[in-house]
**Q** 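This is the structure I want to talk about, given as structure tokens.
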Amino acid sequence: MPEMPEVEILARHLRPLLRGKKIRSASVRRERATRPTPPREFEKAVVGAKLKELTRRGKYLLFEFESRQAGLARTGNAKSGAGTLTVLGHLGMSGRMFVALKNETLPKHAAVIFDLGNRNFVYEDRRYLGRMTLDLSPLRELGPEASDFSPEAFAAALKGSRQAIKIKLLDQSLIAGVGNIYASEALFRARLSPRLAADELTPAQSKTLLRAIGDVLNDAIKFGSTVGLKTMSGKSGGLFYFDDGGEGYYEERLRVYDREGKPCLRCGTRIERITQGARSTYFCPHCQRVR
DNA sequence: CACCATGTTCCTTG
DNA sequence: CCAAGGAACATGGT
């Protein structure tokens, strides 16, 4: 469930469930899951730690723990100041995180489990493209959140690049949090062609695009935190948030993504799918003409 | 078997 | 140094 809105909703869901909880034991069931941190080192570092705060940056989750004793300095956890240990989480394409009752069976691809006493925290990932790690270096490469970007700074960041704007939006060092789905959605909302070169956008167009990105992300968060929660309630005593997408608290919100051949919701023209940077882009050839 | 998938990183080629 | 393209990672759905 991995674009910024899904991560934000997940963070809001998990925060009250995890805050103040102490990790009794930790189990890494896949070598890859904590890369580049070795699994045993990861387990050792988090056992006994109490979660202070859970925050989000781009598509990453930051689990901030109170360190137990001295001895954490050698974990190479750059962010850990005095008394703090931070675990960085990323869901990749197929990761999920949830708090479960202890008698619930673990999913087949459970990658990391924290024993919290009367509950388990589970990170599971079918494709193992995500991770939970002590390596915080990815944070240094992230561009601003959409909400922190001024139109002027965004325009400046696009200058000097002839790359297609759609591909640029996926660059986390330019702007953090936009993924393949919402890149198409934002360009549709801004009525801009995904094939426009980044430096071809006028200041007015880049301003429109930045606003569209913010709107698309905010709408998704708003939708996910209302309909999504309702959809999921009842599962495991309401402890789950993300399950399998349920009945459409997600896809039905999308206006162009995955709608190839279907009529544009604005003008009726057939939506097209093209490949850019080896990934699918969906757009309306009429509403999103290059200008 | 073929192709596709919400992400990131690394490699090659130009 | 940059851009573009592709592969890799690993599993599952259609």
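The sequence lines fix the lettering, A, B, ..., with proteins before strands; numbering per chain opens at 1.
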**Q** Check the distance between C:dA3's C1' and A:Glu200's CD and give it to me in whole angstrom.
**A**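 Atom-to-atom, A:Glu200 to C:dA3, this comes out as 15 Å.
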**Q** Polar atoms only, N or O, under 3.5 Å: list the protein pairs with nucleotides 9-11 of chain C and their distances.
**A**
residue	atom	partner	partner atom	Å
C:dA10	O4'	A:Arg127	O	3.2
C:dA10	N1	A:Arg127	NE	3.1
C:dA10	N1	A:Arg127	NH2	2.7
C:dA10	N3	A:Arg127	NE	3.2
C:dT11	OP1	A:Arg30	NH1	3.4
C:dT11	OP1	A:Arg30	NH2	2.5
C:dT11	O4'	A:Arg126	O	3.3
C:dT11	O3'	A:His109	NE2	3.1

**Q** With a 4.0 Å cutoff (strictly under), does any side-chain N or O of A:Gln163 reach OP1 or OP2 of C:dA4?
**A**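 The answer is yes; a side-chain N or O of A:Gln163 sits under 4.0 Å from OP1 or OP2.
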**Q** When you compare the side chain of A:Arg119 with that of A:Lys21, does any pair of heavy atoms fall below 4.5 Å?
**A**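 Not touching, per the 4.5 Å side-chain cut-off.
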**Q** Starting at atom CG of A:Leu169, determine the distance to atom C1' of B:dG7, rounded to an integer number of angstrom.
**A**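 Answer to the nearest Å: 15 Å.
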**Q** Can you tell me how far NZ of A:Lys59 sits from CD of A:Glu8, rounded to the nearest 0.5 angstrom?
**A**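 Here the rounded value is 14.5 Å.
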**Q** For A:Asp219, check side-chain hydrogen bond (donor to acceptor under 3.5 Å, both in side chains) against everything at least two apart and list the hits.
**A**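 Per chain and number, A:Asp219 pairs via side-chain hydrogen bond (donor to acceptor under 3.5 Å, both in side chains) with A:Arg189.
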**Q** Are A:Phe63 and A:Phe114 close enough, and set up right, to give a ring-ring contact (aromatic ring centres under 6.0 Å, His included), and what steps lead you there?
**A** CA-CA 12 Å; A:Phe63 298 78; A:Phe114 292 157; 7.1 Å; no
**Q** Roughly, in whole Å, what's the span from CG in A:Leu174 to P in C:dA3?
**A**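 Roughly 11 Å, once rounded to whole Å.
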**Q** Using the P atom in both, what is the distance from C:dG6 to B:dC3, to the nearest Å?
**A**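 About 14 Å, rounded to a whole number of Å.
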**Q** If the P atom of B:dA2 is compared with that of C:dA7, how far apart are they to the nearest Å?
**A**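 To the nearest whole Å, 14 Å.
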**Q** Can you tell me if A:Glu260 uses its side chain to pair, donor with acceptor, with the backbone of A:Phe283 under 3.5 Å?
**A**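 Pair absent, no side-chain N/O of A:Glu260 close to backbone of A:Phe283.
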**Q** Counting runs of three or more consecutive pairs, Watson-Crick or G-U wobble, with each distance below 3.5 Å, where are the stems of DNA chain B?
**A**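 So the stems come out as B:2-5 with C:11-14, B:7-14 with C:2-9.
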**Q** Starting at atom CD1 of A:Ile181, determine the distance to atom P of B:dG7, rounded to an integer number of angstrom.
**A**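 The answer, rounded to whole Å, is 7 Å.
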**Q** So, using side-chain hydrogen bond (donor to acceptor under 3.5 Å, both in side chains) as the criterion, who are the partners of A:Asp125 when residues are at least two apart?
**A**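 side-chain hydrogen bond (donor to acceptor under 3.5 Å, both in side chains) check on A:Asp125 returns A:Ser94, A:Tyr123.
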**Q** Mind checking whether A:Arg259 and A:Tyr282 have side chains closer than 4.5 Å, heavy atoms only?
**A**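 SC-SC contact between A:Arg259 and A:Tyr282 ruled out.
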**Q** Work out which heavy atom in A:Asn120 is nearest to a heavy atom in A:Asp115; give both atom names and the distance.
**A**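 Taking A:Asn120 first and A:Asp115 second, the nearest heavy atoms are OD1-CA, 3.7 Å.
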**Q** For C:dG12, does either OP1 or OP2 sit under 4.0 Å from a side-chain N or O belonging to A:Ser94?
**A**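 Checking C:dG12 against A:Ser94, no side-chain N or O comes under 4.0 Å of OP1 or OP2.
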**Q** Where the side chain of A:Arg162 is concerned, which of B:dT8, B:dG7, C:dA3 is the nearest nucleotide?
**A**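 Closest nucleotide among those given: C:dA3.
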**Q** Establish, with yes or no, whether the OP1 or OP2 oxygen of B:dA5 is under 4.0 angstrom from a side-chain nitrogen or oxygen of A:Arg279.
**A**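 Checking A:Arg279 against B:dA5: no side-chain N or O falls below 4.0 Å of OP1 or OP2.
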**Q** Is there side-chain contact between A:Tyr257 and A:Asn180, with heavy atoms separated by less than 4.5 Å?
**A**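 In short, these two side chains touch, coming nearer than 4.5 Å.
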**Q** Only one of A:Leu51, A:Val87, A:Val112 passes side chain to side chain contact (heavy atoms under 4.5 Å, CB included) with A:Val46; say which it is.
**A**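 Filter result, single survivor: A:Val87.
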**Q** CE of A:Met93 versus P of C:dA8: gap in Å, rounded?
**A**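 Going from CE in A:Met93 over to P in C:dA8 covers 16 Å.
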**Q** Would you tabulate the pairs of protein nitrogen or oxygen atoms and nucleotide nitrogen or oxygen atoms of nucleotides 12-14 of chain B closer than 3.5 angstrom?
**A**
none

**Q** With sequence neighbours left out, which residue pairs that include part of residues 129-171 of chain A fulfil the ring-ring contact (aromatic ring centres under 6.0 Å, His included) condition?
**A**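 The answer is A:Phe149-A:Phe154.
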**Q** Please determine if a side-chain N or O atom of A:Lys59 lies less than 4.0 Å away from the OP1 or OP2 oxygen of B:dG7.
**A**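 Result: yes.
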